[in-house]
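Input: a single structure, listed below in structure tokens.
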2 protein chains.
Amino acid sequence: MERSTRQRTLIAGLLARAERPLSIAELLALGRAELPGLGQATVYRTVRELVESGELHAVEIPGAAITYERAHHHHHHFHCRRCERVYEVEGCPPGLTALTPAGFRLESHEVILHGLCAGCSA
Amino acid sequence: MERSTRQRTLIAGLLARAERPLSIAELLALGRAELPGLGQATVYRTVRELVESGELHAVEIPGAAITYERAHHHHHHFHCRRCERVYEVEGCPPGLTALTPAGFRLESHEVILHGLCAGCSA
DNA sequence: TCATTAATGATAATTAATTATCAATATCTA
DNA sequence: TAGATATTGATAATTAATTATCATTAATGA
């Protein structure tokens, strides 16, 4: 059966508290602040389990490390070119159907904004 | 000095004629149709040179192989989930500034549409 | 509390994509 | 046309990310 360990509680907690998707490296660094011995393999394992159970979503952005966020309503992302962090963005641009070529069936879409986050543009 | 070889001419020609971005595997397959002995390393090498010279752009789409297209005006892409091909899409959705969080500086963006292309939805 | 055994962490192994190596070949200049 | 050498193609090597291995540790039920 599955056990509730300090590591799992910690990792799930970090993702629950995070206001933005986190990478494996970020989870490992944040996790080690609270649990110094935390192993990379444990982070990978735990994240994979959470993705497989549908609790987490992978956010893949070209040029950025894969990040993970709690699964929730449709939204998009902003990638800061300076601190490399990924942020969630609310809302959806209109007019995507108009971009779709004739005869194509549009099923989903993703929008990735690039630039500087508030902290890095200050 | 740089030499004009059959391989380079072929690869550049394929990309010039293509109406959509091509992956290394597609370039290799298309290339071998005309030049059976074409080596994978040559495709990689030639594509890298063309990217470095600014003639080609890499198109990175999560879940799809990296594809390459001739560098030209700003546009977006459509990824077909059935044939896995990537297509160019003209135009840009409005209202991206409205999505950008306060204090963030928007510098660029990418839009990726997913679904079925004309051939695969027929 | 103790015994069972799932989970952990260090590290080796794997994977997929790309690059380096190098002998053979083809291009280009004289 | 011939010689110099850039390019090619087969394959080995590399790289980065992720997964497997396994002895040790720790969570849970009796």
Side-chain angles (χ1 to χ4, degrees), chain A residues 1-16 21-69 77 79 84-86, chain B residues 1-15 21-69 77 79 81 84-86:
Chain A
M1 72 249 49
E2 193 145 294
R3 292 179 183 180
S4 164
T5 66
R6 241 190 117 190
Q7 290 82 348
R8 283 182 181 159
T9 306
L10 173 58
I11 292 166
L14 288 172
L15 286 157
L22 300 174
S23 66
I24 296 291
E26 287 174 323
L27 281 168
L28 188 60
L30 290 169
R32 281 183 171 165
E34 291 185 45
L35 195 61
L38 182 65
Q40 191 183 46
T42 300
V43 177
Y44 270 107
R45 258 187 311 246
T46 306
V47 165
R48 182 175 27 148
E49 287 162 7
L50 292 172
V51 168
E52 279 167 2
S53 77
E55 207 170 315
L56 283 188
H57 266 178
V59 178
E60 292 177 66
I61 292 181
I66 296 181
T67 55
Y68 300 89
E69 64 186 6
H77 298 94
H79 179 225
E84 298 285 300
R85 285 177 181 153
V86 175
Chain B
M1 73 248 49
E2 194 144 292
R3 291 180 182 177
S4 166
T5 65
R6 219 164 145 210
Q7 289 84 346
R8 283 181 182 157
T9 305
L10 172 59
I11 292 166
L14 288 172
L15 286 157
L22 301 175
S23 66
I24 296 291
E26 287 173 324
L27 280 168
L28 189 59
L30 290 169
R32 280 182 171 165
E34 291 185 45
L35 193 63
L38 183 64
Q40 190 183 46
T42 300
V43 177
Y44 270 107
R45 256 188 311 247
T46 305
V47 165
R48 183 175 27 149
E49 287 162 6
L50 292 172
V51 169
E52 280 167 1
S53 77
E55 208 170 315
L56 284 188
H57 266 177
V59 178
E60 293 177 65
I61 293 180
I66 295 181
T67 55
Y68 300 89
E69 64 187 5
H77 298 94
H79 180 224
R81 70 168 159 81
E84 297 286 298
R85 286 178 180 152
V86 175

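Convention: sequence-line order gives letters A, B, ...; per-chain numbering from 1. If you're wondering where the values come from, they're calculated on a predicted model, not measured in any experiment.
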Quick one: [X] [atom1] to [N] [atom2], roughly how many Å, whole number?
X: A/Gln7; N: D/dA26; atom1: CD; atom2: P; answer: 9 Å
X: B/Arg8; N: C/dA26; atom1: CZ; atom2: P; answer: 15 Å
X: B/Arg6; N: C/dA26; atom1: CZ; atom2: P; answer: 11 Å
X: A/Leu38; N: C/dT11; atom1: CG; atom2: P; answer: 15 Å
X: B/Glu2; N: C/dA26; atom1: CD; atom2: C1'; answer: 15 Å

What is the minimum heavy-atom distance between [X] and [Y], and which atoms define it?
X: A/Ile66; Y: A/Ala58; answer: CG2-CB, 4.2 Å
X: A/Val86; Y: A/Pro21; answer: O-CD, 3.4 Å
X: A/Ser23; Y: A/Thr67; answer: N-CG2, 3.7 Å
X: B/Arg32; Y: B/Leu38; answer: NE-O, 2.7 Å

Check: [Y] and [X] side chains under 4.5 Å, non-hydrogen atoms:
X: B/Leu14; Y: B/Glu34; result: yes
X: B/Thr46; Y: B/Gln7; result: no
X: B/Arg45; Y: B/Thr42; result: yes
X: A/Val43; Y: A/Ile11; result: yes
X: B/His79; Y: B/Arg85; result: no

Original post:
For A/Thr5 and C/dA6, is the shortest distance between a side-chain N/O and OP1 or OP2 below 4.0 Å?
Top reply: no

Using a cutoff of under 3.5 Å, can you pull out all pairs of nitrogen or oxygen atoms linking the protein to nucleotides 15-21 of chain C, with atom names and distances?
{"from": "C/dT18", "atom 1": "OP2", "to": "B/Tyr44", "atom 2": "OH", "distance (Å)": "2.8"}

**OP:** Between A/Leu35 and B/Ser4, name the one whose nearest nucleotide on DNA chain C is closer to the 5' end.
**Re:** A/Leu35

**OP:** State which of C/dG9, D/dA6, D/dA26 makes the closest approach to the side chain of A/Arg3.
**Re:** D/dA26

Subject >> DNA chain D base-pair string [pairs: Watson-Crick or G-U under 3.5 Å; |: paired with another strand] >> reply: ||||||||||||||||||||||||||||||

